[in-house]
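Everything numeric here is computed off the predicted structure, so don't read it as measured data.
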Amino acid sequence: MKHYHIPVVALLFLGSLTSVNAQKNDATAPLHLLQPDYPTHYGAPKKDSIKKVLDRVYKFLDANSASKIVNATTKAEITNYKKGNEDIMFEPGAFRLTSYEWGVTYAGMLLASKATGEKYFADYSNKRIKLIADIAENYQEKNIKDKDMLKTLHPEALDFAGALCAAFIKAKQEGLKANVDPLINNYIDFISNKQFRLQDGTLARNRPQDNTLWLDDMFMSVPALAQMGKYTGDVKYFDDAVKQVNQFSGRMFNKEKGIYMHGWVQSMEDHPQFHWGRANGWAVMTMVELLEVLPKNHPGYAGVLAQLQAHIKGLAKYQDGTGFWHQLLDRNDTYLETSATAIYTYSIARAINRGYVDKMTYAPAVLLAWNAVASKVNDKGQVEGTCVGTGMGFDPAFYYYRPINVFAAHGYGPVLLAGSEVILLLKDSQFEINDSSVQLKIEGKNNQHK
């Protein structure tokens with residue numbers, strides 16, 4: 001018998017071939033089906049899972065925002081508003097009932113009620129809006145010891161008028177039984193006649209510099225004007241709303257990037273462009289809200305629609321792989337921010353549902369964005385990762401290092417709006433994992449990988 005001696009080197013080589021052949025490779029396995037390590041859930045969410053997120057937010061807000069008034073001295077609850085002869089204030093709560101953030105929250109609760117069929121969401125808004133109206137109707141200002149309630153009677157800026165006005169009109173048109181018209185008229189009078197404007201009529205502020213445009217103010221004014229146009233039938237409100245969108249966009253929209261700068265100061269020769277996430281959110285939501293009620297035969301309709309489409313196209317370019325958008329949209333070393341992501345989720349989903357943009361193109365990004373937002377709603381129902389209230393800056397550090405906080409009120413309304421609109425999107429559409437990616441499912445088509 002012959003004995004063959006195989007060198008050790010050869011044995012090692014054969015072993016290595018065996019090891020390579022045992023591994024998955026393109027010849028032995030379909031590598032395109034390997035599961036990626038996604039940081040955010042990948043795939044279409046279930047409607048029930050979205051509702052669970054909305055329910056957590058509802059329960060947290062219901063427990064942590066006032067729903068009644070108390071004696072300002074004894075803190076005893078007041079149940080008979082008709083007396084109106086004692087000093088009063090809202091009961092203690094974590095959030096203000098008369099801020100623009102809560103105008104967004106009221107609108108979010110109303111939409112959540114429509115999307116889920118659950119009355120308690122609408123009840124949240126209706127109860128508090130009626131409370132505000134009851135105070136305004138029954139109490140003299142000398143007896144109101146809540147400074148935020150006084151600001152709603154005498155707005156000092158668009159922040160105290162626009163979002164509340166729009167939400168109150170929506171609530172009234174959806175069946176709220178409360179005397180909100182005096183407040184609505186007060187808000188719209190401030191927007192139309194008292195807020196400072198540039199010579200061409202663009203709504204402006206004199207802070208931080210004279211003759212400053214805040215992108216935020218598109219939202220603090222236009223949806224209220226639009227809703228008032230629908231509520232009264234007076235076209236002057238639609239005209240002003242369209243003018244604001246056009247004149248803000250003409251000065252502040254970067255056509256190359258497809259996104260807006262946050263601030264514009266008339267006296268500046270050069271305008272620093274800081275493309276802050278939430279301000280761009282207010283802008284895109286403004287246009288969606290305006291188109292919702294603007295008559296299609298209005299001469300400004302086509303221009304607003306084109307501007308919305310350009311903005312959504314621009315925003316889509318800056319979505320992070322996690323599904324979020326950054327604090328400064330075009331600076332990926334700024335943090336991922338929740339409230340802006342939620343506003344984009346709502347606005348683009350709404351634009352899809354209303355036919356303003358293509359569903360096949362944008363729906364997968366919306367679903368990814370919602371999955372990202374949902375990951376930031378903790379077990380208590382708190383929204384994490386939201387930038388606190390933010391003024392205007394002309395240096396990067398200002399935006400890079402703005403704090404985040406679970407009590408930043410700006411996150412809650414957008415999350416409610418986003419989840420609700422995605423539920424409505426899922427009711428009318430089906431999605432599938434097609435060749436490993438999320439795709440709109442087309443009825444009667446089978447485009448699965450073969």
Side-chain angles (χ1 to χ4, degrees), residues 24 26 29-55 108 111-118 258 281 284-285 287-288 291-292 305 308-325 338 341-377 414-450:
K24 290 183 178 180
D26 200 42
L31 294 184
H32 67 280
L33 294 180
L34 288 177
Q35 182 61 43
D37 187 18
Y38 290 118
T40 303
H41 171 69
Y42 190 77
K46 302 294 185 184
K47 292 190 289 289
D48 288 347
S49 71
I50 299 174
K51 184 177 179 295
K52 288 178 182 178
V53 174
L54 300 182
D55 280 337
L111 185 60
S113 191
K114 285 183 178 179
T116 65
E118 298 288 3
V284 71
M285 184 153 66
M287 290 180 280
V288 169
L291 290 170
E292 185 84 9
L305 177 59
L308 172 67
Q309 292 168 339
H311 193 200
I312 289 176
K313 183 177 181 180
L315 290 171
K317 293 188 299 186
Y318 294 102
Q319 187 176 23
D320 187 78
T322 60
F324 291 97
W325 277 263
T338 304
T341 302
I343 297 173
Y344 302 154
T345 305
Y346 161 71
S347 300
I348 302 175
R350 189 81 163 184
I352 291 169
N353 289 339
R354 294 297 182 270
Y356 305 146
V357 296
D358 182 61
K359 183 186 297 186
M360 189 181 296
T361 301
Y362 292 108
V366 166
L367 300 180
L368 178 62
W370 168 255
N371 290 339
V373 169
S375 74
K376 288 296 185 177
V377 179
V415 168
L416 290 164
L417 288 168
S420 302
E421 200 62 37
V422 171
I423 287 175
L424 296 174
L425 173 62
L426 292 171
K427 284 181 178 179
D428 293 334
S429 309
Q430 288 186 308
F431 298 89
E432 62 184 352
I433 299 296
N434 183 335
D435 201 6
S436 302
S437 68
V438 175
Q439 300 283 339
L440 177 68
K441 187 174 183 179
I442 306 301
E443 189 173 352
K445 295 284 186 180
N446 182 5
N447 296 319
Q448 296 286 340
H449 180 81
K450 295 178 181 179

Legend entry - Over all atoms of both residues, closest heavy-atom pair of Thr341 and Gly323: CG2-O, 3.7 Å
Legend entry - Lys427 side chain to Ala115 backbone, donor-acceptor under 3.5 Å: yes
Inset, instruction - Measure from the side-chain N and O atoms of Asn371 to the backbone N and O of Tyr42, and report whether any donor-acceptor pair falls under 3.5 Å. - result: no
Legend entry - Asp55: partners by salt bridge (Lys or Arg N to Asp or Glu O under 4.0 Å), with sequence neighbours left out: Lys51
Legend entry - Separation of Leu367 CG from Ile50 CD1 (nearest 0.5 Å): 8.0 Å
Legend entry - Residues forming a side-chain hydrogen bond (donor to acceptor under 3.5 Å, both in side chains) with Gln319, sequence neighbours excluded: none
Legend entry - Those residues that, when tested against Tyr344, pass side-chain hydrogen bond (donor to acceptor under 3.5 Å, both in side chains) (two or more places apart): none
Inset, instruction - Mind listing the closest non-hydrogen atom pair of Met360 and Pro364 along with its distance? - result: O-CD, 3.6 Å
Legend entry - Straight-line distance of Met285 CE to His311 NE2, nearest 0.5 Å: 12.0 Å
Legend entry - Shortest non-hydrogen contact from Pro45 toward Leu426: O-CD1, 3.3 Å
Inset, instruction - Rounded to the nearest 0.5 Å, what's the gap from CG on Leu425 to CZ on Arg350? Could you check? - result: 12.0 Å
Legend entry - Least distance between heavy atoms, Phe324 atom then Ser375 atom: CZ-OG, 3.9 Å
Inset, instruction - Check whether any side-chain heavy atom of Phe431 sits under 4.5 Å from a side-chain heavy atom of Leu440, and report yes or no. - result: yes
Legend entry - Leu308 side, atom CG; Ser347 side, atom OG - distance, nearest 0.5 Å: 8.0 Å
Legend entry - Shortest non-hydrogen separation from Leu54 to Ser420 and the atoms involved: CD1-OG, 3.8 Å
Legend entry - Results of side-chain hydrogen bond (donor to acceptor under 3.5 Å, both in side chains) for Lys313 - residues two or more places apart only: none
Inset, instruction - Decide yes or no for Tyr346 and Leu416: does some side-chain heavy atom of the first lie under 4.5 Å from some side-chain heavy atom of the second? - result: no
Inset, instruction - Check Trp325 against Leu315 and note the closest heavy-atom contact, atom names and distance. - result: NE1-O, 2.8 Å
Inset, instruction - With sequence neighbours excluded, tell me which residues meet side-chain hydrogen bond (donor to acceptor under 3.5 Å, both in side chains) with Ser49. - result: none
Inset, instruction - Could you note down all residue pairs passing side-chain hydrogen bond (donor to acceptor under 3.5 Å, both in side chains) where residues 351-361 supplies at least one of them, sequence neighbours left out? - result: Glu292-Arg354, Asn353-Glu421, Asp358-Thr361, Lys359-Ser429
Legend entry - Polar side-chain atom of Thr345 near backbone of Val366 as donor-acceptor pair, under 3.5 Å: no
Legend entry - Nearest-0.5 Å distance, CG of residue Asp48 to OG1 of residue Thr116: 11.0 Å
Inset, instruction - Calculate, to the nearest 0.5 Å, the distance between atoms CD1 and CD1 belonging to Ile348 and Ile343 respectively. - result: 11.5 Å
Inset, instruction - Please name the residue in the list Val415, Leu368, Val422 that meets the side-chain contact (heavy atoms from CB on, under 4.5 Å) test with Val373. - result: Val415
